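Just so you know, ligand 1 is whichever comes first in the structure, and atom 1 is the first atom listed for that ligand. As the structure is a computational prediction, the values presented were derived from the model and not from experiment.
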Amino acid sequence: MNMNFYMPAKVISGKDCISQNKALFKLGKSCMIVTGSSSAIKSGALDDVIDALCENGIEYIVYDKIRENPLLSTCYDGGVIAREFGCDFVVGIGGGSPMDAAKAIAGFIANPDIEPDEIFNIPALSPSVPIILVPTTSGTGSEGNPYSILSLDGKDKKQTFNSPYSYAKYAFLDYKYTLSLSRNYSLSTALDAFCHCIESYMSPKSTDISRMFALYGAKNIWNCFDGLDRGEITEDMREALMYASFAGGVAINTTGTGFPHPMGYNLTFYADLPHGRACAVFIGKYVEYQMKSEEGRKLLCGFAEALGTTPEIIGEYLPRLAEFTAEIDDETVTMFCEKVKNARNFVNAPYKVSYDEMIKIYKDLFIK
Ligand code: NAP
Ligand code: ZN
(Lines give C-alpha, C1' and ligand atoms only; values in the text may rest on other atoms or scores of the structure.)
(Ligands and ions follow the chains in the order given, each with its own letter.)
Protein backbone atom coordinates (compact mmCIF):
# COMPACT_ATOMS: atom_id res chain seq x y z
CA MET A 1 0.00 0.00 0.00
CA ASN A 2 1.18 3.51 -0.76
CA MET A 3 -1.04 6.48 -0.01
CA ASN A 4 1.53 9.26 -0.68
CA PHE A 5 -0.32 12.32 -1.86
CA TYR A 6 0.20 16.06 -2.21
CA MET A 7 -2.39 18.56 -3.45
CA PRO A 8 -2.14 22.00 -1.89
CA ALA A 9 -4.88 23.69 -3.99
CA LYS A 10 -8.16 24.42 -2.28
CA VAL A 11 -10.81 23.18 -4.67
CA ILE A 12 -14.24 24.74 -4.72
CA SER A 13 -16.81 23.07 -6.94
CA GLY A 14 -20.42 23.40 -7.99
CA LYS A 15 -22.63 25.66 -10.00
CA ASP A 16 -22.04 29.37 -9.23
CA CYS A 17 -19.13 28.53 -6.93
CA ILE A 18 -17.33 31.78 -7.81
CA SER A 19 -20.31 34.03 -7.01
CA GLN A 20 -20.74 32.16 -3.74
CA ASN A 21 -17.10 32.58 -2.72
CA LYS A 22 -16.16 36.07 -3.87
CA ALA A 23 -14.16 36.84 -0.71
CA LEU A 24 -11.55 34.26 -1.74
CA PHE A 25 -10.44 36.57 -4.54
CA LYS A 26 -8.89 38.93 -2.01
CA LEU A 27 -5.36 37.71 -2.67
CA GLY A 28 -3.75 41.08 -3.35
CA LYS A 29 -4.27 44.62 -4.57
CA SER A 30 -4.07 44.11 -8.30
CA CYS A 31 -4.75 41.10 -10.50
CA MET A 32 -3.84 39.99 -14.01
CA ILE A 33 -6.59 37.87 -15.58
CA VAL A 34 -4.87 35.53 -18.04
CA THR A 35 -7.02 34.10 -20.81
CA GLY A 36 -7.46 33.30 -24.51
CA SER A 37 -9.20 35.31 -27.17
CA SER A 38 -12.78 34.45 -26.31
CA SER A 39 -13.25 31.47 -23.97
CA ALA A 40 -13.46 33.59 -20.80
CA ILE A 41 -16.19 35.74 -22.31
CA LYS A 42 -18.15 32.95 -24.04
CA SER A 43 -18.12 30.77 -20.93
CA GLY A 44 -19.33 33.57 -18.65
CA ALA A 45 -16.36 33.05 -16.32
CA LEU A 46 -14.84 36.47 -17.02
CA ASP A 47 -17.95 38.30 -15.81
CA ASP A 48 -18.05 36.22 -12.63
CA VAL A 49 -14.36 36.78 -11.90
CA ILE A 50 -14.53 40.54 -12.58
CA ASP A 51 -17.57 40.78 -10.33
CA ALA A 52 -15.67 39.01 -7.52
CA LEU A 53 -12.60 41.25 -7.98
CA CYS A 54 -14.67 44.44 -8.02
CA GLU A 55 -16.58 43.44 -4.94
CA ASN A 56 -13.24 43.16 -3.12
CA GLY A 57 -12.00 46.49 -4.52
CA ILE A 58 -9.22 44.82 -6.51
CA GLU A 59 -7.86 46.44 -9.67
CA TYR A 60 -7.41 44.17 -12.64
CA ILE A 61 -6.03 43.95 -16.15
CA VAL A 62 -7.13 41.35 -18.73
CA TYR A 63 -4.32 39.70 -20.72
CA ASP A 64 -6.12 37.82 -23.50
CA LYS A 65 -3.13 37.02 -25.71
CA ILE A 66 -2.84 33.33 -24.86
CA ARG A 67 -3.33 30.95 -27.78
CA GLU A 68 -3.51 27.16 -27.93
CA ASN A 69 -0.22 25.53 -26.89
CA PRO A 70 0.97 28.78 -25.28
CA LEU A 71 4.27 30.27 -26.31
CA LEU A 72 6.93 30.94 -23.70
CA SER A 73 7.41 34.44 -25.17
CA THR A 74 3.71 35.32 -24.75
CA CYS A 75 3.93 34.36 -21.09
CA TYR A 76 7.12 36.37 -20.63
CA ASP A 77 5.43 39.42 -22.21
CA GLY A 78 2.46 38.88 -19.90
CA GLY A 79 4.83 38.98 -16.93
CA VAL A 80 6.32 42.30 -18.09
CA ILE A 81 2.86 43.88 -18.52
CA ALA A 82 1.68 42.50 -15.18
CA ARG A 83 4.65 44.05 -13.36
CA GLU A 84 4.08 47.41 -15.07
CA PHE A 85 0.53 47.30 -13.80
CA GLY A 86 1.65 46.24 -10.32
CA CYS A 87 -0.20 42.90 -10.36
CA ASP A 88 0.46 40.81 -7.28
CA PHE A 89 -1.63 37.74 -8.23
CA VAL A 90 -3.11 36.11 -11.34
CA VAL A 91 -6.37 34.43 -12.29
CA GLY A 92 -6.16 31.99 -15.22
CA ILE A 93 -9.45 31.45 -17.05
CA GLY A 94 -9.76 28.96 -19.91
CA GLY A 95 -8.59 25.59 -21.00
CA GLY A 96 -5.14 24.20 -20.33
CA SER A 97 -3.49 26.86 -22.47
CA PRO A 98 -4.50 29.93 -20.39
CA MET A 99 -4.23 28.01 -17.10
CA ASP A 100 -0.69 26.81 -17.92
CA ALA A 101 0.18 30.33 -19.12
CA ALA A 102 -1.12 31.84 -15.87
CA LYS A 103 1.32 29.64 -13.94
CA ALA A 104 4.23 30.85 -16.08
CA ILE A 105 3.18 34.49 -15.81
CA ALA A 106 2.94 34.13 -12.02
CA GLY A 107 6.55 32.92 -12.16
CA PHE A 108 7.70 35.80 -14.37
CA ILE A 109 6.01 38.42 -12.14
CA ALA A 110 8.00 37.17 -9.15
CA ASN A 111 11.27 36.95 -11.08
CA PRO A 112 11.70 40.24 -12.93
CA ASP A 113 15.34 39.78 -13.86
CA ILE A 114 15.23 36.45 -15.67
CA GLU A 115 15.33 35.73 -19.40
CA PRO A 116 12.38 33.72 -20.77
CA ASP A 117 14.11 30.32 -20.78
CA GLU A 118 15.44 30.79 -17.24
CA ILE A 119 11.91 30.04 -16.03
CA PHE A 120 12.83 26.35 -16.32
CA ASN A 121 15.69 26.74 -13.82
CA ILE A 122 13.39 26.10 -10.87
CA PRO A 123 15.95 26.12 -7.99
CA ALA A 124 17.03 29.67 -8.95
CA LEU A 125 13.51 31.13 -8.89
CA SER A 126 11.72 33.14 -6.23
CA PRO A 127 8.25 31.82 -5.35
CA SER A 128 5.55 32.72 -7.89
CA VAL A 129 2.76 35.13 -6.97
CA PRO A 130 -0.57 33.46 -5.98
CA ILE A 131 -2.66 31.81 -8.69
CA ILE A 132 -6.40 31.18 -9.02
CA LEU A 133 -7.52 28.83 -11.80
CA VAL A 134 -10.92 28.60 -13.46
CA PRO A 135 -11.14 25.80 -16.07
CA THR A 136 -13.50 26.26 -19.02
CA THR A 137 -12.63 22.92 -20.64
CA SER A 138 -12.71 19.46 -19.05
CA GLY A 139 -9.43 18.02 -20.19
CA THR A 140 -6.05 19.02 -18.89
CA GLY A 141 -6.71 19.02 -15.16
CA SER A 142 -4.13 21.83 -14.99
CA GLU A 143 -6.08 23.18 -12.01
CA GLY A 144 -5.03 20.06 -10.07
CA ASN A 145 -1.30 20.11 -10.70
CA PRO A 146 1.65 22.52 -11.03
CA TYR A 147 2.48 21.69 -14.68
CA SER A 148 2.73 24.52 -17.15
CA ILE A 149 3.39 23.13 -20.62
CA LEU A 150 4.96 25.80 -22.77
CA SER A 151 5.81 25.87 -26.47
CA LEU A 152 9.38 26.97 -27.15
CA ASP A 153 9.40 29.76 -29.73
CA GLY A 154 10.53 28.59 -33.16
CA LYS A 155 11.33 25.07 -31.99
CA ASP A 156 8.01 23.20 -32.44
CA LYS A 157 8.72 21.66 -29.08
CA LYS A 158 7.17 21.82 -25.62
CA GLN A 159 8.86 22.05 -22.26
CA THR A 160 7.22 21.78 -18.86
CA PHE A 161 7.65 24.51 -16.26
CA ASN A 162 7.05 22.53 -13.10
CA SER A 163 7.51 24.66 -10.02
CA PRO A 164 6.31 23.80 -6.51
CA TYR A 165 4.82 27.32 -6.46
CA SER A 166 2.63 26.77 -9.52
CA TYR A 167 -0.29 25.09 -7.78
CA ALA A 168 -3.47 27.09 -7.74
CA LYS A 169 -4.24 28.58 -4.36
CA TYR A 170 -7.88 28.18 -5.32
CA ALA A 171 -9.39 26.18 -8.20
CA PHE A 172 -13.03 26.83 -9.04
CA LEU A 173 -14.73 23.92 -10.81
CA ASP A 174 -18.02 25.07 -12.29
CA TYR A 175 -19.18 22.94 -15.22
CA LYS A 176 -21.44 25.75 -16.48
CA TYR A 177 -18.30 27.34 -17.95
CA THR A 178 -17.97 24.38 -20.32
CA LEU A 179 -21.52 24.65 -21.75
CA SER A 180 -20.24 26.92 -24.53
CA LEU A 181 -17.53 24.45 -25.60
CA SER A 182 -18.10 22.88 -29.04
CA ARG A 183 -18.66 19.15 -29.53
CA ASN A 184 -15.20 18.84 -31.11
CA TYR A 185 -13.30 20.49 -28.26
CA SER A 186 -15.48 18.76 -25.67
CA LEU A 187 -14.55 15.40 -27.20
CA SER A 188 -10.89 16.27 -27.66
CA THR A 189 -10.48 17.52 -24.10
CA ALA A 190 -12.28 14.43 -22.74
CA LEU A 191 -9.84 12.27 -24.72
CA ASP A 192 -6.96 14.18 -23.10
CA ALA A 193 -8.38 13.61 -19.62
CA PHE A 194 -8.89 9.91 -20.35
CA CYS A 195 -5.28 9.64 -21.59
CA HIS A 196 -4.11 11.23 -18.32
CA CYS A 197 -6.06 8.63 -16.37
CA ILE A 198 -4.86 5.55 -18.25
CA GLU A 199 -1.25 6.75 -18.59
CA SER A 200 -1.16 7.67 -14.90
CA TYR A 201 -2.69 4.36 -13.85
CA MET A 202 0.04 2.47 -15.73
CA SER A 203 2.93 4.48 -14.30
CA PRO A 204 5.37 2.81 -11.89
CA LYS A 205 5.17 6.04 -9.90
CA SER A 206 1.48 5.41 -9.14
CA THR A 207 0.27 5.21 -5.58
CA ASP A 208 -2.99 3.68 -4.39
CA ILE A 209 -4.42 7.16 -4.12
CA SER A 210 -3.29 8.33 -7.58
CA ARG A 211 -4.86 5.15 -9.04
CA MET A 212 -8.06 5.96 -7.17
CA PHE A 213 -8.17 9.36 -8.89
CA ALA A 214 -7.23 7.84 -12.26
CA LEU A 215 -9.99 5.23 -12.08
CA TYR A 216 -12.59 7.74 -10.89
CA GLY A 217 -11.74 9.97 -13.83
CA ALA A 218 -11.55 7.18 -16.40
CA LYS A 219 -14.90 5.63 -15.43
CA ASN A 220 -16.72 8.95 -15.65
CA ILE A 221 -15.20 9.85 -19.00
CA TRP A 222 -15.72 6.37 -20.46
CA ASN A 223 -19.43 6.63 -19.72
CA CYS A 224 -19.59 9.96 -21.60
CA PHE A 225 -17.73 9.01 -24.78
CA ASP A 226 -20.78 7.82 -26.76
CA GLY A 227 -22.72 11.01 -25.97
CA LEU A 228 -19.68 13.17 -26.74
CA ASP A 229 -19.22 11.37 -30.05
CA ARG A 230 -22.84 12.04 -31.01
CA GLY A 231 -22.64 15.63 -29.75
CA GLU A 232 -25.36 14.91 -27.19
CA ILE A 233 -23.82 16.34 -24.05
CA THR A 234 -26.10 16.76 -21.06
CA GLU A 235 -25.41 19.01 -18.07
CA ASP A 236 -24.88 15.90 -15.92
CA MET A 237 -22.20 14.79 -18.36
CA ARG A 238 -20.60 18.25 -18.30
CA GLU A 239 -20.39 18.08 -14.52
CA ALA A 240 -19.02 14.53 -14.50
CA LEU A 241 -16.42 15.46 -17.10
CA MET A 242 -15.24 18.50 -15.18
CA TYR A 243 -14.59 16.47 -12.03
CA ALA A 244 -13.10 13.59 -14.03
CA SER A 245 -10.70 15.96 -15.74
CA PHE A 246 -9.66 17.40 -12.39
CA ALA A 247 -9.13 13.85 -11.08
CA GLY A 248 -6.91 13.06 -14.08
CA GLY A 249 -4.90 16.22 -13.44
CA VAL A 250 -4.38 15.19 -9.81
CA ALA A 251 -3.40 11.65 -10.84
CA ILE A 252 -0.67 12.86 -13.21
CA ASN A 253 0.60 15.18 -10.51
CA THR A 254 1.88 12.03 -8.77
CA THR A 255 2.89 10.08 -11.87
CA GLY A 256 3.38 12.22 -14.97
CA THR A 257 2.13 10.90 -18.32
CA GLY A 258 3.11 8.13 -20.73
CA PHE A 259 4.33 8.08 -24.34
CA PRO A 260 1.09 9.11 -26.10
CA HIS A 261 1.75 12.64 -24.79
CA PRO A 262 5.15 13.43 -26.35
CA MET A 263 4.34 11.45 -29.49
CA GLY A 264 1.13 13.47 -29.78
CA TYR A 265 2.94 16.82 -29.43
CA ASN A 266 4.41 16.25 -32.90
CA LEU A 267 0.92 15.89 -34.43
CA THR A 268 -0.18 19.07 -32.67
CA PHE A 269 2.72 21.04 -34.15
CA TYR A 270 2.74 19.54 -37.63
CA ALA A 271 -0.95 18.83 -38.24
CA ASP A 272 -2.49 21.40 -35.89
CA LEU A 273 -4.28 18.56 -34.14
CA PRO A 274 -5.79 19.55 -30.75
CA HIS A 275 -3.85 18.12 -27.82
CA GLY A 276 -6.40 15.53 -26.64
CA ARG A 277 -7.01 14.00 -30.05
CA ALA A 278 -3.26 14.00 -30.71
CA CYS A 279 -2.63 11.88 -27.60
CA ALA A 280 -5.59 9.56 -28.24
CA VAL A 281 -4.22 8.63 -31.68
CA PHE A 282 -1.48 6.67 -29.85
CA ILE A 283 -3.62 4.85 -27.28
CA GLY A 284 -4.05 1.79 -29.51
CA LYS A 285 -0.28 1.44 -29.76
CA TYR A 286 0.11 2.23 -26.06
CA VAL A 287 -2.22 -0.64 -25.17
CA GLU A 288 -0.53 -2.96 -27.69
CA TYR A 289 2.94 -2.34 -26.23
CA GLN A 290 1.88 -2.42 -22.57
CA MET A 291 0.15 -5.77 -23.15
CA LYS A 292 3.59 -7.19 -24.08
CA SER A 293 4.73 -7.14 -20.43
CA GLU A 294 3.14 -9.21 -17.67
CA GLU A 295 2.81 -6.22 -15.33
CA GLY A 296 1.41 -4.05 -18.12
CA ARG A 297 -1.17 -6.68 -19.06
CA LYS A 298 -2.21 -7.16 -15.43
CA LEU A 299 -2.67 -3.43 -14.87
CA LEU A 300 -4.45 -2.78 -18.15
CA CYS A 301 -6.85 -5.68 -17.66
CA GLY A 302 -7.68 -4.41 -14.15
CA PHE A 303 -8.16 -0.85 -15.42
CA ALA A 304 -10.40 -1.98 -18.30
CA GLU A 305 -12.38 -4.33 -16.09
CA ALA A 306 -13.18 -1.46 -13.71
CA LEU A 307 -14.64 0.36 -16.70
CA GLY A 308 -16.62 -2.70 -17.81
CA THR A 309 -14.57 -3.18 -20.96
CA THR A 310 -11.34 -4.72 -22.28
CA PRO A 311 -7.91 -3.23 -23.10
CA GLU A 312 -8.47 -4.14 -26.75
CA ILE A 313 -11.72 -2.15 -26.93
CA ILE A 314 -10.06 0.87 -25.30
CA GLY A 315 -7.15 0.58 -27.76
CA GLU A 316 -9.50 0.45 -30.72
CA TYR A 317 -12.06 3.02 -29.56
CA LEU A 318 -9.87 5.99 -28.57
CA PRO A 319 -7.94 6.33 -31.85
CA ARG A 320 -11.27 6.04 -33.66
CA LEU A 321 -12.71 8.91 -31.59
CA ALA A 322 -9.57 10.94 -32.39
CA GLU A 323 -10.62 10.90 -36.06
CA PHE A 324 -7.16 11.51 -37.48
CA THR A 325 -5.40 10.08 -40.49
CA ALA A 326 -2.29 11.33 -42.22
CA GLU A 327 0.51 10.05 -44.40
CA ILE A 328 4.03 11.04 -43.49
CA ASP A 329 7.41 10.05 -44.91
CA ASP A 330 10.44 8.34 -43.33
CA GLU A 331 12.27 11.61 -42.93
CA THR A 332 9.41 13.13 -40.93
CA VAL A 333 9.22 10.03 -38.73
CA THR A 334 12.91 10.39 -37.88
CA MET A 335 12.48 14.10 -37.19
CA PHE A 336 9.49 13.38 -34.90
CA CYS A 337 11.45 10.76 -32.95
CA GLU A 338 14.52 12.99 -32.59
CA LYS A 339 12.33 15.68 -31.05
CA VAL A 340 10.79 13.45 -28.39
CA LYS A 341 13.30 10.64 -27.84
CA ASN A 342 14.59 12.02 -24.53
CA ALA A 343 11.16 12.44 -22.96
CA ARG A 344 10.90 10.55 -19.69
CA ASN A 345 7.36 9.49 -20.66
CA PHE A 346 8.74 6.54 -22.63
CA VAL A 347 9.97 4.79 -19.49
CA ASN A 348 6.98 5.80 -17.36
CA ALA A 349 5.13 2.50 -17.85
CA PRO A 350 5.78 -1.21 -17.30
CA TYR A 351 6.80 -1.72 -20.94
CA LYS A 352 9.55 0.71 -21.90
CA VAL A 353 9.40 1.66 -25.55
CA SER A 354 12.78 1.85 -27.33
CA TYR A 355 13.85 4.33 -30.01
CA ASP A 356 13.35 1.71 -32.74
CA GLU A 357 9.86 1.04 -31.41
CA MET A 358 9.06 4.79 -31.47
CA ILE A 359 9.99 4.76 -35.15
CA LYS A 360 7.87 1.66 -35.73
CA ILE A 361 4.85 3.17 -33.97
CA TYR A 362 4.88 6.28 -36.20
CA LYS A 363 5.48 4.14 -39.28
CA ASP A 364 2.72 1.66 -38.44
CA LEU A 365 0.26 4.52 -37.98
CA PHE A 366 1.25 6.87 -40.76
CA ILE A 367 3.12 5.05 -43.52
CA LYS A 368 0.86 2.84 -45.58
P1 NAP B 1 -7.06 25.15 -24.95
O2 NAP B 1 -5.88 25.19 -25.86
O3 NAP B 1 -6.95 25.86 -23.66
O4 NAP B 1 -8.36 25.69 -25.70
C5 NAP B 1 -8.78 25.08 -26.92
C6 NAP B 1 -9.81 25.94 -27.61
O7 NAP B 1 -11.03 25.89 -26.87
C8 NAP B 1 -9.43 27.40 -27.71
O9 NAP B 1 -9.81 27.85 -28.98
C10 NAP B 1 -10.27 28.06 -26.62
O11 NAP B 1 -10.60 29.41 -26.91
C12 NAP B 1 -11.53 27.22 -26.68
N13 NAP B 1 -12.30 27.23 -25.44
C14 NAP B 1 -11.87 26.93 -24.19
N15 NAP B 1 -12.92 26.95 -23.33
C16 NAP B 1 -14.01 27.32 -24.04
C17 NAP B 1 -15.38 27.49 -23.72
N18 NAP B 1 -15.85 27.25 -22.49
N19 NAP B 1 -16.22 27.88 -24.70
C20 NAP B 1 -15.79 28.08 -25.97
N21 NAP B 1 -14.50 27.90 -26.33
C22 NAP B 1 -13.62 27.51 -25.39
O23 NAP B 1 -7.45 23.61 -24.75
P24 NAP B 1 -7.09 22.51 -23.67
O25 NAP B 1 -7.15 21.22 -24.38
O26 NAP B 1 -7.87 22.67 -22.44
O27 NAP B 1 -5.55 22.80 -23.29
C28 NAP B 1 -4.49 22.31 -24.08
C29 NAP B 1 -3.18 22.81 -23.52
O30 NAP B 1 -3.01 22.32 -22.18
C31 NAP B 1 -1.98 22.33 -24.31
O32 NAP B 1 -1.03 23.36 -24.40
C33 NAP B 1 -1.47 21.18 -23.49
O34 NAP B 1 -0.08 20.93 -23.68
C35 NAP B 1 -1.75 21.64 -22.09
N36 NAP B 1 -1.89 20.56 -21.09
C37 NAP B 1 -1.62 20.84 -19.80
C38 NAP B 1 -1.72 19.84 -18.85
C39 NAP B 1 -1.41 20.11 -17.41
O40 NAP B 1 -1.45 19.19 -16.62
N41 NAP B 1 -1.10 21.33 -17.03
C42 NAP B 1 -2.15 18.56 -19.19
C43 NAP B 1 -2.46 18.33 -20.52
C44 NAP B 1 -2.34 19.33 -21.46
P45 NAP B 1 -9.65 30.65 -26.41
O46 NAP B 1 -8.51 30.68 -27.35
O47 NAP B 1 -10.54 31.81 -26.49
O48 NAP B 1 -9.20 30.34 -25.00
ZN1 ZN C 1 -2.69 15.96 -21.83
Side-chain angles (χ1 to χ4, degrees), residues 33-46 62-72 74-75 92-104 131 133-152 157-163 166-168 171 174-200 217 233 238 241-242 245-265 267-269 272-280 282-283 345:
I33 299 174
V34 179
T35 189
S37 57
S38 65
S39 52
I41 299 169
K42 283 187 195 154
S43 64
L46 185 63
V62 179
Y63 186 65
D64 61 3
K65 300 278 180 285
I66 308 305
R67 299 296 172 260
E68 291 181 45
N69 310 297
L71 281 171
L72 177 61
T74 318
C75 299
I93 305 177
S97 299
M99 289 194 288
D100 285 6
K103 296 173 186 178
I131 302 163
L133 294 177
V134 184
T136 66
T137 65
S138 295
T140 68
S142 180
E143 69 280 8
N145 64 49
Y147 306 141
S148 163
I149 299 165
L150 304 171
S151 300
L152 304 181
K157 217 175 157 179
K158 293 192 179 195
Q159 189 167 345
T160 304
F161 165 53
N162 180 10
S163 151
S166 291
Y167 288 95
D174 187 339
Y175 74 87
K176 79 177 180 194
Y177 299 137
T178 65
L179 295 175
S180 54
L181 195 64
S182 67
R183 174 264 179 198
N184 281 357
Y185 274 116
S186 299
L187 176 57
S188 178
T189 47
L191 287 169
D192 184 25
F194 190 87
C195 290
H196 296 161
C197 294
I198 189 169
E199 293 168 34
S200 173
I233 315 169
R238 293 278 185 197
L241 287 167
M242 172 136 290
S245 152
F246 167 71
V250 172
I252 60 171
N253 183 28
T254 299
T255 61
T257 51
F259 78 66
H261 266 73
M263 294 192 91
Y265 291 161
L267 303 187
T268 294
F269 284 120
D272 212 15
L273 192 63
H275 171 70
R277 287 174 58 203
C279 298
F282 295 94
I283 290 295
N345 309 57

>> For N/O/S atoms only: which one belongs to His261 and is nearest the Zn ion (ligand 2)?
In response: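 Of all N, O or S atoms belonging to His261, NE2 is the one nearest the Zn ion (ligand 2).
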> Of all N, O or S atoms in Asp192, which has the smallest distance to the Zn ion (ligand 2)?
Replying inline: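 Atom name of the closest N, O or S in Asp192: OD1.
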Option set [options], criterion heavy-atom distance to [atom], minimum:
atom: atom 32 (O) of ligand 1; options: Lys103, Lys158, His275, Lys176; result: Lys158
atom: atom 41 (N) of ligand 1; options: Asn162, Asp64, Asp100, Thr257; result: Asp100
atom: atom 26 (O) of ligand 1; options: Ser138, Gly96, Ser186; result: Gly96

> How does Asn145 reach ligand 1, by side chain, by backbone, by both or by neither, if only non-hydrogen atoms under 4.0 Å count?
Replying inline: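 The answer is the side chain.
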> Between Tyr185 and ligand 1, which residue portion shows a heavy-atom distance shorter than 4.0 Å: side chain, backbone, both, or neither?
Replying inline: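 Within the 4.0 Å criterion, Tyr185 contacts ligand 1 through side-chain atoms alone.
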> Does one side chain, of Asp100 or Ser142, offer a donor that lies under 3.5 Å from an acceptor on the other?
Replying inline: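 Yes, a side-chain donor-acceptor pair sits under 3.5 Å.
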>> How wide is the angle at the Zn ion (ligand 2) spanned by His275 NE2 and His196 NE2, rounded to 10 degrees?
In response: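 NE2 of His275, the Zn ion (ligand 2) and NE2 of His196 span an angle of about 170°.
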Going by distance only, is there an N or O of [X] that falls short of 3.5 Å from an N or O of ligand 1?
X: Lys42; value: no
X: Ser180; value: yes
X: His261; value: no

>> Run Leu187 and Arg277 through side chain to side chain contact (heavy atoms under 4.5 Å, CB included) and show every step you take.
In response: CA-CA 8 Å; Leu187 176 57; Arg277 287 174 58 203; 5.9 Å; no
Please report the closest heavy-atom contact between [X] and [Y], naming both atoms and the distance.
X: Ile93; Y: Thr35; value: O-OG1, 2.8 Å
X: Phe259; Y: Phe282; value: CE1-O, 4.3 Å
X: Thr136; Y: Ser43; value: CG2-OG, 3.6 Å

> Checking side chain to side chain donor-acceptor pair (under 3.5 Å) against His275, which of Thr268, Asn69, Asp192 comes through?
Replying inline: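 Of all the options given, the one that passes is Asp192.
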Measuring from non-hydrogen atoms of [X] to any atom of ligand 1, is the shortest distance under 4.0 Å?
X: Arg67; value: no
X: Met99; value: no
X: Pro98; value: yes

>> Please list, in number order, the atoms of ligand 1 under 4.0 Å from a heavy atom of His196.
In response: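 Every atom of ligand 1 under 4.0 Å from some heavy atom of His196: 42 (C), 43 (C).
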